[in-house]
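Comments concern the structure below.
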Amino acid sequence: MIKTNNLMKMFRTDEVETTALNNVNLEINEGEFVAIMGPSGCGKSTLLNILGLLDNPTNGELFFNDTQVAGFNERQRTNLRKANIGFVFQSFNLIEELTVYENVELPLLYMKVSSSERKKKVTEALERMKIAHRAKHFPQQLSGGQQQRVAIARAVITNPKLILADEPTGNLDSANGEEVMNLLTQLNEAGTTIIMVTHSPSDADRSHRIIQLFDGHIVTENMRQKL
């Protein structure tokens with residue numbers, strides 16, 4: 001599904017050049033659950049942003065489903081993201097002024113899905129994430145665990161082939177974190193490819209493979225489970 005060759009990302013200011021990723025080579029197969037770990041500042045989120053087509057690499061190749069996408073412009077990246085990728089963030093990234101239902105519906109509005117089909121899909125997603133009873137509530141009326149379930153419902157509403165999760169349990173207590181990891185595991189078992197950045201060894205143990213980053217390099221890859 002994803003392949004990188006000598007992927008590099010540099011950030012430049014007038015006085016400083018910082019190398020966030022340095023010759024990263026990896027392959028992620030369809031149906032995998034991959035965890036990316038490493039100390040703060042090692043390039044984990046930068047790599048996730050590039051794999052999720054939120055940013056372009058400075059150098060190197062990035063293939064998504066055998067298509068070279070490094071160097072795509074913003075419109076091309078957006079179109080590919082909308083059809084293929086869902087995102088789950090540590091900070092939930094819900095829109096406070098919208099209800100739970102409206103937050104989950106939003107990606108379908110961007111895709112110009114009909115009203116009747118939107119209603120069907122949103123209802124199914126909320127029920128799947130066990131948050132349908134909160135459909136008319138606003139994010140600030142929900143617990144952290146409930147907000148993350150809404151965020152996951154929004155991420156899966158378009159049936160993406162790939163979900164990228166950046167510290168999905170980082171703002172949650174252990175019980176809610178366990179619930180979120182159960183949901184991600186269930187999605188993976190149903191066929192969705194998941195790439196997750198995490199500091200949590202117990203969360204990483206849910207994955208098939210753990211990639212360790214250090215100073216922008218991949219230093220180790222460990223298989224955890226058989227696919």
Side-chain angles (χ1 to χ4, degrees), residues 1-2 26-38 44-45 47-49 51-54 64-65 81 83-94 100 103-104 107 121-135 139 142-213 218 220-227:
M1 174 177 272
I2 291 176
L26 64 81
E27 289 190 42
I28 293 170
N29 299 313
E30 189 170 347
E32 270 198 288
F33 189 157
V34 177
I36 300 174
M37 301 189 75
K44 301 187 300 297
S45 292
L47 178 58
L48 203 69
N49 285 342
L51 298 181
L53 307 177
L54 295 172
F64 189 93
N65 286 337
R81 282 198 310 269
N84 294 282
I85 304 174
F87 296 88
V88 179
F89 300 97
Q90 177 178 350
S91 57
F92 317 132
N93 284 15
L94 301 176
V100 164
N103 266 282
V104 176
K121 286 180 175 291
V122 173
T123 300
E124 287 175 351
L126 292 177
E127 289 176 350
R128 186 179 184 186
M129 295 301 136
K130 299 178 181 177
I131 197 69
H133 62 293
R134 295 284 194 170
L142 307 180
S143 68
Q146 289 172 331
Q147 289 188 63
Q148 196 61 295
R149 290 210 299 274
V150 176
I152 294 173
R154 182 183 58 189
V156 304
I157 194 70
T158 59
N159 294 317
K161 299 179 179 69
L162 170 66
I163 288 180
L164 301 181
D166 194 354
E167 297 284 359
T169 66
N171 283 339
L172 304 177
D173 59 34
S174 59
N176 281 309
E178 181 77 6
E179 188 172 317
V180 165
M181 288 308 304
N182 287 340
L183 290 172
L184 291 176
T185 300
Q186 290 165 16
L187 289 169
N188 176 248
E189 290 171 348
T192 305
T193 306
I194 295 178
I195 305 174
M196 174 182 68
V197 162
T198 183
H199 281 104
S200 168
S202 61
D203 288 357
D205 279 343
R206 299 291 195 101
S207 68
H208 304 135
R209 179 161 50 117
I210 299 175
I211 295 172
Q212 290 277 355
L213 282 185
I218 292 177
T220 61
E221 292 190 49
N222 298 313
M223 295 300 296
R224 303 295 302 172
Q225 304 170 18
K226 291 183 179 180
L227 287 172

Across all chains, not counting sequence neighbours, the salt bridge (Lys or Arg N to Asp or Glu O under 4.0 Å) partners of Lys121 are Glu117
Which residues share a side-chain hydrogen bond (donor to acceptor under 3.5 Å, both in side chains) with Ser45, sequence neighbours left out: Asp166
Residues forming a side-chain contact (heavy atoms from CB on, under 4.5 Å) with Ser200, sequence neighbours excluded: Thr198, Ser202, Asp203
When rounded to the nearest 0.5 Å, the distance separating CG of Leu187 from CE of Met129 is 4.5 Å
Does Asn182 have any side-chain contact (heavy atoms from CB on, under 4.5 Å) partners at least two apart in sequence or in another chain, and if so, which? Glu178, Gln186, Arg206
Mind checking what makes side-chain contact (heavy atoms from CB on, under 4.5 Å) contact with Val100, not counting sequence neighbours? Leu126, Leu142, Val150
For residues 152-163, dump all side-chain donor-acceptor pairs below 3.5 Å to protein atoms at least two apart in sequence or in another chain.
residue, atom, partner, partner atom, Å
Arg154, NH1, Asn93, O, 2.8
Arg154, NH2, Phe92, O, 3.0
Arg154, NH2, Asn93, O, 3.3
Lys161, NZ, Asn84, OD1, 3.1

According to side-chain hydrogen bond (donor to acceptor under 3.5 Å, both in side chains), who are the partners of Asn65, at least two apart in sequence or on a separate chain? none
The criterion is salt bridge (Lys or Arg N to Asp or Glu O under 4.0 Å); which residues satisfy it with Glu179, sequence neighbours excluded? Arg149
Would a distance-only check, ignoring hydrogens and angles, find a side-chain to backbone donor-acceptor pair under 3.5 Å from Glu221 to Arg209? no
Can you run down the salt bridge (Lys or Arg N to Asp or Glu O under 4.0 Å) pairs that involve residues 123-133, sequence neighbours left out, and say none if there aren't any? Lys120-Glu124
Ser143: partners by side-chain contact (heavy atoms from CB on, under 4.5 Å), with sequence neighbours left out: Gln146
Treating Lys44 as the side-chain partner and Ile36 as the backbone partner, does any N or O pair qualify as donor plus acceptor under 3.5 Å? no
Which residues share a side-chain hydrogen bond (donor to acceptor under 3.5 Å, both in side chains) with Gln212, sequence neighbours left out: none
Residues two or more places apart in sequence or in another chain: which of them pass side-chain hydrogen bond (donor to acceptor under 3.5 Å, both in side chains) with His133? none
